[in-house]
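Beneath this line is the structure, given in structure tokens, with notes to follow.
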Amino acid sequence: MSTASMQDLLRTLQNRSSIHQVGLEIVDKPIPDVSTPGTLDPRVREVVLTQRPSVSIPEGASPVELARAGMGWDNEDVTTRQISTDVLAIPRPGTTIEARLYRPLPLVVYFHGGGFFGGTLETVENPCKALADKGNVAVLSVGYRLAPEHPFPTGLEDCHAAIDWAVEHADRLGIDPGAIAVAGDSAGGNLATVCCLLDRERPTPYIRYQVLYYPVVNVGEHPNSEYDWTLEAYDRQTEPELLERIILSLQDEEGVLEQWYVQASDSTDRRISPLFATLDDLPEALVITGEFDYLRLEGEAYAKKLARAGVKTRYLQYRGMEHAFLDKLGLYPQAEDSLDEIAKDLKRLFSQTN
């Protein structure tokens with residue numbers, strides 16, 4: 001897609017957004033070039049029907065390797081200036097975890113998605129660089145250890161330790177320890193908000209802002225009082241069978257997250273399923289979902305629960321979008337628009353530092 005046409009779509013997204021106040025701020029982002037409701041974004045449709053990312057699947061690959069091979073997308077660098085990248089090793093008991101620091105200053109600690117068992121730093125490289133560029137912040141992207149080799153709570157502990165490490169080494173990293181945010185997509189959104197729950201237990205919490213892209217907040221899909229998942233909640237006026245397939249593609253009928261990530265733990269533990277936590281006194285939140293994402297309903301429910309708990313919360317829904325649309329940065333204008341929305345919040349929150 002040409003730069004000019006992408007910029008036109010981004011301007012349309014910004015100008016046609018509608019805002020509703022119902023105890024929390026809900027921002028409805030329409031498809032920029034389609035007005036029919038219940039319709040898949042044409043760029044998503046093209047990807048789903050005709051394109052597949054090129055992946056190398058080793059012969060005799062295990063189910064975990066096959067699942068990981070299908071994740072991610074070769075997205076685009078949309079930065080407008082040089083963003084330095086430092087490859088770091090954060091010490092953990094008996095090992096180190098890889099992280100990449102994109103700067104400049106305050107700090108956003110980013111956790112990639114991938115169902116707790118997949119995902120890479122490479123997939124979120126360009127989104128993290130774009131966030132550093134647009135928000136004028138440093139971004140620390142954390143390569144936490146993955147299930148099933150490292151089940152809960154290892155990955156979570158890696159993420160929480162990365163925040164501690166960054167604060168401890170703030171001078172070396174050139175970041176402001178009083179201006180810390182967390183962000184993540186899908187499973188990474190879960191890890192980001194759970195880090196906020198853990199951070200709340202400190203005498204003086206570090207985290208001031210959380211960004212949750214289509215977060216997993218109810219691992220195991222347990223019955224709850226916040227929402228009832230139903231396909232009928234999705235407006236599928238155009239190509240309903242295709243939309244149903246896209247929505248249900250993320251349904252965990254085999255209980256993979258229970259088997260690979262949760263293992264011997266209890267998936268209703270608030271550190272696994274934060275939907276069951278008390279959410280008082282958490283930092284300001286931005287929750288982002290796509291209209292045709294299986295996780296949309298739990299993301300909506302979590303945003304509403306945050307707002308009811310007194311947490312300043314914005315909820316953005318992108319019409320026509322599927323799960324993991326941030327991976328398609330440079331292809332889907334909604335991916336870049338969402339980063340622009342985060343950047344606005346960061347500049348407002350950390351204006352004295354920027």
Side-chain angles (χ1 to χ4, degrees), residues 53 55-73 92-95 97-98 111-121 123-124 142-161 184-195 197-198 212-224 226-231 244-277 289 293-299 301-302 322-324 327:
V55 295
S56 177
I57 301 176
E59 186 177 349
S62 69
V64 175
E65 290 172 322
L66 288 171
R68 289 172 178 166
M71 293 180 175
W73 190 268
R92 296 290 292 131
T95 187
I97 58 172
E98 182 184 354
F111 310 122
H112 66 75
F116 307 101
F117 61 83
T120 66
L121 296 179
T123 296
V124 296
V142 180
Y144 56 90
R145 285 172 286 180
L146 301 174
E149 298 90 343
H150 303 284
F152 174 85
T154 303
L156 172 62
E157 290 175 344
D158 284 348
C159 293
H160 195 235
D185 60 285
S186 195
N190 171 293
L191 296 167
T193 198
V194 174
C195 280
L197 291 173
L198 299 177
L212 315 178
Y213 275 97
Y214 29 83
V216 183
V217 294
N218 182 12
V219 174
E221 302 181 34
H222 297 282
N224 63 89
E226 303 297 334
Y227 74 99
D228 292 314
W229 196 95
T230 171
L231 188 61
E244 180 176 345
R245 176 163 63 88
I246 290 169
I247 294 164
L248 295 180
S249 64
L250 212 67
Q251 187 177 28
D252 187 12
E253 290 185 303
E254 304 300 321
V256 168
L257 296 187
E258 292 271 7
Q259 296 173 47
W260 291 357
Y261 178 59
V262 179
Q263 295 194 21
S265 299
D266 179 359
S267 58
T268 62
D269 185 320
R270 66 183 181 88
R271 298 168 300 161
I272 297 176
S273 295
L275 186 67
F276 298 103
T289 67
D293 184 350
Y294 185 83
L295 298 180
R296 191 195 87 203
L297 299 186
E298 63 188 82
Y302 195 67
E322 61 178 337
H323 185 69
D327 289 359

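Because the structure is predicted, anything quoted here is derived from the model rather than measured.
Take Asn190 and apply the side-chain hydrogen bond (donor to acceptor under 3.5 Å, both in side chains) test, not counting sequence neighbours, and it matches no residue. With sequence neighbours left out, Ala187 forms a side chain to side chain contact (heavy atoms under 4.5 Å, CB included) with Phe116. A search for side-chain hydrogen bond (donor to acceptor under 3.5 Å, both in side chains) contacts involving Glu226 returns Arg308, not counting sequence neighbours. For the ring pair (Phe, Tyr, Trp, His ring centres under 6.0 Å) test, no residue two or more places apart in sequence or in another chain qualifies with Phe276. For the ring pair (Phe, Tyr, Trp, His ring centres under 6.0 Å) test, no residue two or more places apart in sequence or in another chain qualifies with Tyr302. Among residues two or more places apart in sequence or in another chain, the ring pair (Phe, Tyr, Trp, His ring centres under 6.0 Å) test is passed with His150 by none. Shown here are the side-chain hydrogen bond (donor to acceptor under 3.5 Å, both in side chains) partners of Thr268, two or more places apart in sequence or in another chain: Asp266. Residues forming a salt bridge (Lys or Arg N to Asp or Glu O under 4.0 Å) with Glu322 (at least two apart in sequence, or on another chain): Lys328. For Glu157, the side-chain hydrogen bond (donor to acceptor under 3.5 Å, both in side chains) criterion is met by no residue, not counting sequence neighbours. Residues meeting the ring pair (Phe, Tyr, Trp, His ring centres under 6.0 Å) test with Phe117, sequence neighbours left out: Trp260.
Distance check, rounded to the nearest 0.5 Å: CG of Leu231 to CD of Glu244 gives 5.0 Å. Of the inter-residue distances, the one linking His112 atom NE2 with Asp327 atom CG reads 11.0 Å to the nearest 0.5 angstrom. The distance from the CG atom of Asp185 to the CG atom of Leu295 is 11.0 Å, given to the nearest 0.5 Å. Expressed to the nearest 0.5 Å, how far CD of Glu221 lies from OG of Ser273 amounts to 10.0 Å. Between the CG atom in Asp293 and the OG atom in Ser249 there is a gap of 8.0 Å [rounded to 0.5 Å]. If you take OG on Ser265 and CZ on Phe152, they are separated by 5.5 Å, rounding to the nearest 0.5 Å.
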Test log, rule side chain to side chain contact (heavy atoms under 4.5 Å, CB included), inputs Arg271 and Asp269: CA-CA 5 Å; Arg271 298 168 300 161; Asp269 185 320; 2.7 Å; yes
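Without hydrogens or angle criteria, Gln251 side chain to Tyr294 main chain gives no donor-acceptor distance under 3.5 Å.
In plain terms, the two heavy atoms of Arg270 and Ala277 that are nearest each other are CB-CB, 3.7 Å. When all heavy atoms are compared, the tightest approach of Asp228 to Asn224 is OD1-O, 4.3 Å. The shortest heavy-atom contact between Ser186 and Gly113 is CB-CA, 4.4 Å. Heavy atoms only, all atoms of each residue included: Thr289 and Tyr214 are closest at CG2-CA, 4.4 Å. Ala147 and Tyr261 get closest at one heavy-atom pair: CB-CA, 3.7 Å. When every heavy atom of Val216 is checked against every heavy atom of Pro274, the shortest pair comes out as O-CD, 4.4 Å.
In this structure, Leu146 and Val64 have side chains that are not in contact, with every pair of non-hydrogen atoms separated by 4.5 Å or more. Looking only at side-chain heavy atoms (C-beta outward), Trp229 and Glu298 stay at 4.5 Å or farther from each other. In this structure, Asn218 and Ser267 have side chains that are not in contact, with every pair of non-hydrogen atoms separated by 4.5 Å or more. Counting only heavy atoms from C-beta outward, the side chains of Pro215 and Thr193 never approach each other to under 4.5 Å. Side-chain atoms of Tyr227 and Leu275, non-hydrogen and from C-beta on, do get closer than 4.5 Å to each other.
Applying the salt bridge (Lys or Arg N to Asp or Glu O under 4.0 Å) rule to pairs touching residues 143-152 yields Arg68-Glu149, Arg145-Asp158, sequence neighbours excluded. Within the structure, no pair that satisfies the salt bridge (Lys or Arg N to Asp or Glu O under 4.0 Å) test touches residues 247-262, not counting sequence neighbours.
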